[in-house]
Every structure is written in C-alpha cells, then in structure tokens.
Amino acid sequence: MLDYDEYQKKLEEAISKSTFRCRNCNYCYSVCPLYKSMEGFMVNGPSGIIQSIYYYLKWNLNDAEQKKNLTEILFSCTTCNACVIACEELSAGIPLLEIIENGRKLLVDNNIGPMPFQRNALKAIYAKGNPYNFDSENRLAWAKDINIKKLPDEKADMLYYVGCSVSYDPEIRNIAVSLVKLMKNQGTDFGVLEKERCCSCAANRLGDEFLFQEMSQQNTKSFVESGVKSIVTTSPHCYNTYIKEYQGLDNIEIQHYVHMLHNWTTNKKIKFEKKLNYVVTYHDPCYLGKHNGIYEEPREIIEAIPGVKLVEMKDNRKMSLCCGGGGGRMWTEVKEEKRLANQRVEQALAAGANILAVACPWCHIMLQNAIKDLEQEENIKVVDISELLAEALAL
Ligand code: SF4
Ligand code: SF4
C-alpha cells in the first residue's frame, strides 16, 4: 500500500530533479505534435509543460484558475514520446514524458486533474472495467457467432487480449474478427478471456496510480491463472502497458499482433489468395514506433502482400505525426488550430495513398473521423493491417 505523503514527495522530487537540467534549447519543440497543432504558446510544448509543473510546485500556486490552466497544459500532451527522443539525441536527455506523467499523478492525487471527460473514463474503469462505460456482459458480443475458446475454463497456449475499443466499437470490431480468422488459418492455439478487463493504460496515462495498481494486479492474476504461455494484443497501448508497466508477467511472452503477422509473412507461412491493387501508406502508432522502435515489421507485412504498393508520408517512423488520440485524449476534445488527425490524412493523400494502414484501434478511430471531417471518404480509407492481410488471404 502506498503512503500518500511519501508518494507525493517522491513525485515532487523527481519532477524538480529532472526539470532543473533543462537547457532551454527548445529542440524538443520542433517535433512536438501538440505544439504544431496549437497556437504556438510555449506552454503547449514539451519544455513549457515541464516548466509549468515545476513552477507550480516551486511557487506553491493555489489559485483555481491557475490549477485549471495547469490541468489543461498537462493533460493535452499526447504522450507520443517524440520530445524524449529529440532531447536524448540532441540535448540533455531530459525524461520529459516521465516528468509530465509524474505531474499528472500529482494533480490527480491533489484532486486537481484530469479534465472532466477524462475523469468519466476513469470512473467507468472503476465501475465497469472499461473506459467507455459499457456493460461488461457485452464485451464478447463481437464474437457471439465465432467459435473461440474462453479462458480460463478452456485452455490454450496463447491468450488473444482483445482490448476495450475493439470489443465495444462496432466500427472497428472487424479488426478482432480478422485477427481471429488469421489465427485460425495459421492453426494457432488461442483463446480469449471470458472476463476480460481494461489493461488500464488509460489510468496510468491519466495519472490514477491507485486505479492502475488495482487493475494491473487483477489482470496479472487472471493472465497467470489462465495458464497461457503468451499473450498477443490488438492495441499497441495494451502491449506497451503489459511489457513496461505490469509486474509478474515475466514468464509470459507478450506480443503485439504485428509481431505475430510479421513472423508468419517472413517465414512464408502465409498462402496469399488475392492480389490487392492498393496504394498503401502506413501510419506509425506512437506506442509501437516512438515508444518501442517497431518501425519496419509493419511495413514488411504490407510489402509482402501481392499487388500492394507502399508509399511513405512526409513524416514517418520516429518523425511520424501522432493521430492525437494518445495520452488520454481519446476522452476529451483538445482545442487545436488544426487537428492532428486531419493533418495526418492530408499527408496520406499527398503521398498518393488510397489506403491508410494502421495497427492501433485509437489511430483507426481518429483517422477515420478525420477522413469524414475532410469529406475524403471517396479517396482514402483507413484499414488495419490485419484486415489487409485477411483480405489478401480471402478469409
Ligand atoms: S530539448 Fe531537452 S534540454 Fe532542450 S528545451 Fe527541450 S527538454 Fe530542455
Ligand atoms: S510527448 Fe509528444 S505531445 Fe507530449 S510534449 Fe512530448 S512531443 Fe509533445
């Protein structure tokens, strides 16, 4: 059990110690999507965000308006990690994201943050085990006509961890269906959890350490008790959370589904049935790319599909532009001069693509909404890599 005073003191010390090292060189601004999409205020960029929390602590600010502003500054960050990479490569190596997330925890612990709609997401995880406030009984509705093993009563080598968005959102449920078809096609011994719950990456991003601890302990227990040897996730966010933020999963191999698909395509285990005459561009999700260095595998899967031409957007790999949905922004509207997802769709169109391939449910939702917003439905479509592969196998 965490001691509140000790917890706050540790957060404050960590923030002050690291922020103090900032050289104010501003290299980090050149890569920050938040700064690019806002009106150019320095507090809406990496160094400005960390200075805001630093001076809040140093000057002991307590005015209600200041607290509201500080909450907006800290909880607008997409947690994309671009600034961390830039500062590490070009300057002092400040752990910007760690400071921002520690700042968020501090605000939540003092009942200041997060932003109102983000609070609702946290309450929903507490109450229903998912951030969308849907009933847990309907979590497996997407699979009602599919024969899939249900763990832990049935046993399998691998757990397919579906995740909340794909489980509940009818517009993207086909990602789970495609992955299941592919796993069956490849003879994978897998199952889903009868009672899956949110990985709680949202709790961690939104600064609710206590909710995260509770959920991660429950989930770890159910994964271990299911007896699986490996877990494959739909979302890079769940993947990142399990490999970096959970404890007690050392004996279970964790993969994002891109690893599994890449393994099948490079080992020539896939028998393609169709040529897909698409011009595809790939949008790097932050939690596969900038957080975990997985840039080439998704591209190699796409390139293995007969007929497909892969083109690159202006910003790609570690310079990839964030879709704007990470860091808890799926649950709130950040006022932007130009929406990040719209900028990304424009980059995909400029690259000549008619398919915008993704490997993350949140990127899928954000970019598909941007296509509608820009009225570009006739010209470009968002498709998950698993859906592309399933189509090429005629599944
Ligand atoms: S790049 Fe690093 S050292 Fe330079 S302003 Fe940004 S955080 Fe500070
Ligand atoms: S994590 Fe991304 S959005 Fe947040 S401050 Fe750094 S570069 Fe900007």
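Just so you know, ligand 1 is whichever comes first in the structure, and atom 1 is the first atom listed for that ligand.
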Proximal ligand 2 atoms for [X], defined as those under 4.0 Å from one of its heavy atoms:
X	result
C32	3 (S), 5 (S), 7 (S), 8 (Fe)
N81	1 (S), 2 (Fe)
T78	2 (Fe), 3 (S), 4 (Fe)

Does [X] pair with [Y] as a salt bridge, N-O distance under 4.0 Å?
X	Y	result
D284	R299	yes
E346	K338	yes
R329	E336	yes
E101	R205	yes

#### Entry: Metal site atom 8 (Fe) of ligand 2: N/O/S of C77 inside 2.8 Å
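Of the N, O and S atoms in C77, none lies under 2.8 Å from atom 8 (Fe) of ligand 2, which means no.
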### Task
Taking both backbone and side-chain atoms into account, decide whether C22 has an N/O/S atom under 2.8 Å from atom 8 (Fe) of ligand 1.
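It does; at least one qualifying atom falls short of 2.8 Å.
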### Query
Going by the atom numbers of ligand 1, which of them fall below 4.0 Å from some non-hydrogen atom of C28?
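Answer, ordered by atom number: 1 (S), 5 (S), 6 (Fe), 7 (S).
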### Query
What atoms in ligand 1 come closer than 4.0 Å to a heavy atom of R23?
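In order of number, 3 (S), 8 (Fe).
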Among all protein heavy atoms, pick out the one at the shortest distance from [atom]; state its residue, atom name and that distance to 0.1 Å.
atom	value
atom 4 (Fe) of ligand 1	C25 SG, 2.2 Å
atom 1 (S) of ligand 2	C80 N, 3.3 Å
atom 5 (S) of ligand 1	N26 N, 3.1 Å

### Message
Does the residue S91 have a heavy-atom contact with ligand 1, meaning some pair of atoms that are separated by less than 4.0 Å?
### Response
yes
### Query
Donor-acceptor pair, Y29 side chain versus G48 backbone, under 3.5 Å?
yes
### Query
Got a donor-acceptor contact below 3.5 angstrom from the N110 side chain to the L106 backbone?
yes
### Task
Answer yes or no for C87: is there an N/O/S atom below the 2.8 Å cut-off from atom 2 (Fe) of ligand 1?
yes
### Task
Examine the proximity of ligand 2 to L96 and report which part, side chain or backbone, both or neither, has a heavy atom under 4.0 Å away.
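No part of L96 is near ligand 2 at this cut-off.
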### Query
Quick one: does ligand 2 sit under 4.0 Å from the side chain of V84, the backbone, both or neither, non-hydrogen atoms only?
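Near ligand 2, V84 shows nothing, with every heavy atom at 4.0 Å or more.
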#### Entry: Test salt bridge (Lys or Arg N to Asp or Glu O under 4.0 Å) applied to D189 and K155, K229, K149, the passing residue
K149
